[in-house]
Structures are given as C-alpha cells and as structure tokens.
Amino acid sequence: MLVLGIDTSCDDTSVAVYDATGNRVLSNIVSSQYSFHREFGGVVPEIAARKHAENIDLVFDEALRVAGVKVKELSLICTTNRPGLLPALLVGLTFGKGLSYSLSLPFKAVHHIEAHIFSPFIGSEPQYPFIALVVSGGHTLIVLVESLGRYRLLGKTLDDAVGEAYDKVAKLLGLGYPGGPVIDRLYREYGGEFLELPRPRVKGFNYSFSGIKTAVRRLVEKGYPPPQIAASFQETAISYLLGKLKKVVKETGVKRVAVSGGVSANSLLRERLKELGLELHLPPLEYTSDNGAMVAYAGYRRFLLEGEDSLEVGAFARSPIA
Ligand code: KG4
Ligand code: ZN
C-alpha cells in the first residue's frame, strides 16, 4: 500500500511516498523557503502560502519520480491540516483533497504534532508508553504517549518555543534565519567560557524561553562577542530542556523517550540525550524538520485505527494535541 504524505504547515513544501506494507519511505522531497523569509527574520504566512502554491506540483512530481511510483499506484492521501499557518496549511490541504477526489482515494487529515511525535519510529513500530519531547520552531512540549491518539500533556512552553528562541537569538546576533543550525555550529567552534544566563523557574514540567531571550538581548547590548553569546545560549537552552525531561522520566518511570521536531537535529541535544541511559528514539536528520514522510507514517496509522476523513475537513491554525 503506497501512501502519499503532504505537509505545508509552515515554510517547507514537502511531499513523500511511503510504502506502508514494507514500512519504508520511498521518497521524501522538501522544498525549503528559507531564502524568501530570511530578510524578515521569520516566516511570513502569505509568502509561505504563495511559495507553497508555486511549488507543490513540482514537489509532488519529484516525490513520485524519486519513488518510481505512478499516480494511479497510490492508495491513500494524507495531508497536515492542523496546527500551523492557516494560509500555508490550506495549500497542501486543498492539493491533497483534490488528489483524493480526482483519484477516488481515501483521505486522511493529519495533526502536525502527532506526525512529529511518531517521526522517530518511521521504518519501525512504536512501543508504548513513551515520553515524547517535541522541540520545533512552533512547539515545545512533553507528552506521555499511551497509544496512538491517547496523550497526556505533561509540559509545554508558556511563551516562545525553543526553536523560536533560537531564531530570535540568531536575529539579535545578526546570524540570519533559521537560527538553530548556525548557533549549533558556533557552539561547536567555540572553546571559551560560557556566560551566565537565567533558567526560568516555571512550575511543573512547563518551560519558558522568553527570559533567556531577554537576557541575551542585554548581553548583546553590553557588547559581548556573538559566538560567546550564541554558545552560552545553546548551553543554557539545551540543559534547561534536558533538566525537565529528566524530571519527567524520574516521576513517570517511563524511560522510553522519543525526541522530535526541528531542534532535535541539534548536536548538543543529541549528545547529551545519549548520556542519560534512556531507551532513546531520535529521527534521522531528514525527518527532524517538517517533512511529508512523518505525515504519511502517522496518517497511515490513524487510517488503520479509524478510517478515512471526509473531504469537508478544514484547516486549523491551533489544535491542542491533548
Ligand atoms: O520542526 P521544524 O522544521 O518546524 C516547525 O514545525 O516549527 O523546526 C524548525 C526549527 C527552527 O526554529 C530552527 O531554528 C530549528 O528548528 N533548528 C535547530 C537546529 N536545526 C533546526 N535548532 C537547534 N539546533 C539545530 N541544529
Ligand atoms: Zn513542525
């Protein structure tokens, strides 16, 4: 059974072909829009939507070509419909529905966070329960996953997502967008001392990243060298993330941990996670940022659980996971 996965929730146009029978991704094409948003220091929803509309045909054709699959061989269309930038989501959703209608194929609308949560298991089968740490440009959450669709939200950020903090810090330092990869690289190159940054005290397993960002702004104003600020920020942000995760593992007794989202590409996060003695599941780098493969993988599993969705399903900018 060949499953198409589409994601246009933010600034990546992505289409993948997933062979559900063989549990194998045949193609996963991502057309990134970074260069169009760079001058604004963040994603502009209307630009994102326009670029998705311009690119989605090409990305779709390329996904089929690389997979070596013909349109009529597809069996299921899965598209992200929530949460995300509304104008951007609508492009992929309309495209997916159009394919489903014209090919008379079942359609499945996919929750973007659910797709991230399961992305570390693409190509294998998830075992339950597990703790999901989702760290992306739009989200930072810790979820206890009891099974597909049964989630307990244990913690989330009360303000900025960790990826958003990376992007804002990079903007303050004049490092461009997206901030994660360049700050990660500067951290690796930096050999000096770290500057002291606050670790916001927030109740329970919740996070707050806005205080760290404000502290970074002060360091910039005081004239500290950008590489030192960037490296200090990464040191603080990652150990803050891991501190709460360790508490969650201790309190729940669940040692199976799956980390996903754009920030899960971070080299320091990966290194430190491996030292924690967990049953750790990390996605390959190509499935960390937004991608169609995770949408096909999660959508197929949802389809098995509850069948197809009506083509009347809409797009939603916000949609809590639990
Ligand atoms: O999952 P994603 O592609 O999009 C959302 O759903 O938000 O995540 C994008 C985020 C950006 O904020 C980017 O700066 C961050 O992931 N990112 C990283 C790294 N690579 C990407 N953050 C830290 N370290 C990285 N190596
Ligand atoms: Zn995402």
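In listed order, ligands and their atoms are each counted from 1. Sequence positions, counted from 1, serve as the residue numbers for this chain.
For His112, the nearest N, O or S atom to the Zn ion (ligand 2) falls under 2.8 Å.
Nearest protein heavy-atom contact of atom 25 (C) of ligand 1 is Gly180 C, 3.6 Å. Closest protein heavy atom to atom 15 (C) of ligand 1: Val263 CG2, 3.9 Å. In terms of protein heavy-atom proximity, atom 24 (N) of ligand 1 is closest to Asn266 ND2, 2.9 Å. Remark: minimum distance from atom 6 (O) of ligand 1 to any protein heavy atom is reached at Asp290 OD1, 3.1 Å.
Between Tyr297 and Tyr287, a ring centre-to-centre spacing not shorter than 6.0 Å is recorded. When ring centroids are compared, Phe233 and Tyr240 stay outside the 6.0 Å threshold. Between His281 and Phe130, a ring centre-to-centre spacing not shorter than 6.0 Å is recorded. Between Phe107 and Phe303, the gap from one ring centroid to the other reaches at least 6.0 Å.
Close approach of ligand 1 to Ser289 (heavy-atom distance below 4.0 Å) involves ligand atoms 1 (O), 3 (O). Set against the non-hydrogen atoms of Gly137, the atoms of ligand 1 under 4.0 Å away are 5 (C), 7 (O), 8 (O), 9 (C), 10 (C), 12 (O). Contact atoms of ligand 1 toward Gly179: 14 (O) (distance under 4.0 Å to a heavy atom of the residue). Atoms of ligand 1 found under 4.0 Å from any heavy atom of Asp184 (numbered from 1 in listed order, with element): 26 (N). Close approach of ligand 1 to Asp167 (heavy-atom distance below 4.0 Å) involves ligand atoms 11 (C), 12 (O), 13 (C), 14 (O). Every atom of ligand 1 with a heavy atom of Gly163 under 4.0 Å away is listed here by number and element: 12 (O). Residue contact check: His116 has heavy atoms under 4.0 Å from atoms 1 (O), 6 (O) of ligand 1. Atoms of ligand 1 found under 4.0 Å from any heavy atom of Gly262 (numbered from 1 in listed order, with element): 1 (O), 2 (P), 8 (O), 16 (O), 17 (N), 18 (C), 19 (C), 20 (N), 21 (C).
Closest non-hydrogen pair, Ile183 versus Leu175, comes out as CG1-CD1, 4.1 Å.
By the 6.0 Å contact criterion, CZ on Arg24 is open, its count of non-hydrogen atoms from other residues, nucleotides or ligands being 12 or less. At most 12 non-hydrogen atoms from other residues, nucleotides or ligands lie less than 6.0 angstrom from OH of Tyr101. More than 12 non-hydrogen atoms from other residues, nucleotides or ligands lie less than 6.0 angstrom from NZ of Lys213.
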For Tyr177 and Glu39, what are the C-alpha separation, side-chain angles and deciding distance, and is it a side-chain hydrogen bond (donor to acceptor under 3.5 Å, both in side chains)?
CA-CA 8 Å; Tyr177 172 83; Glu39 65 179 292; over 6 Å; no
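At a 4.0 Å cut-off, at least one heavy atom of His112 sits close enough to ligand 1 to count as contact.
Classification of Arg188 and Glu271 as a salt-bridged pair holds, one side-chain N sitting under 4.0 Å from a carboxylate O.
Remark: at the Zn ion (ligand 2), atom NE2 from His116 and atom OD1 from Asp290 enclose 90°, rounded to the nearest 10 degrees.
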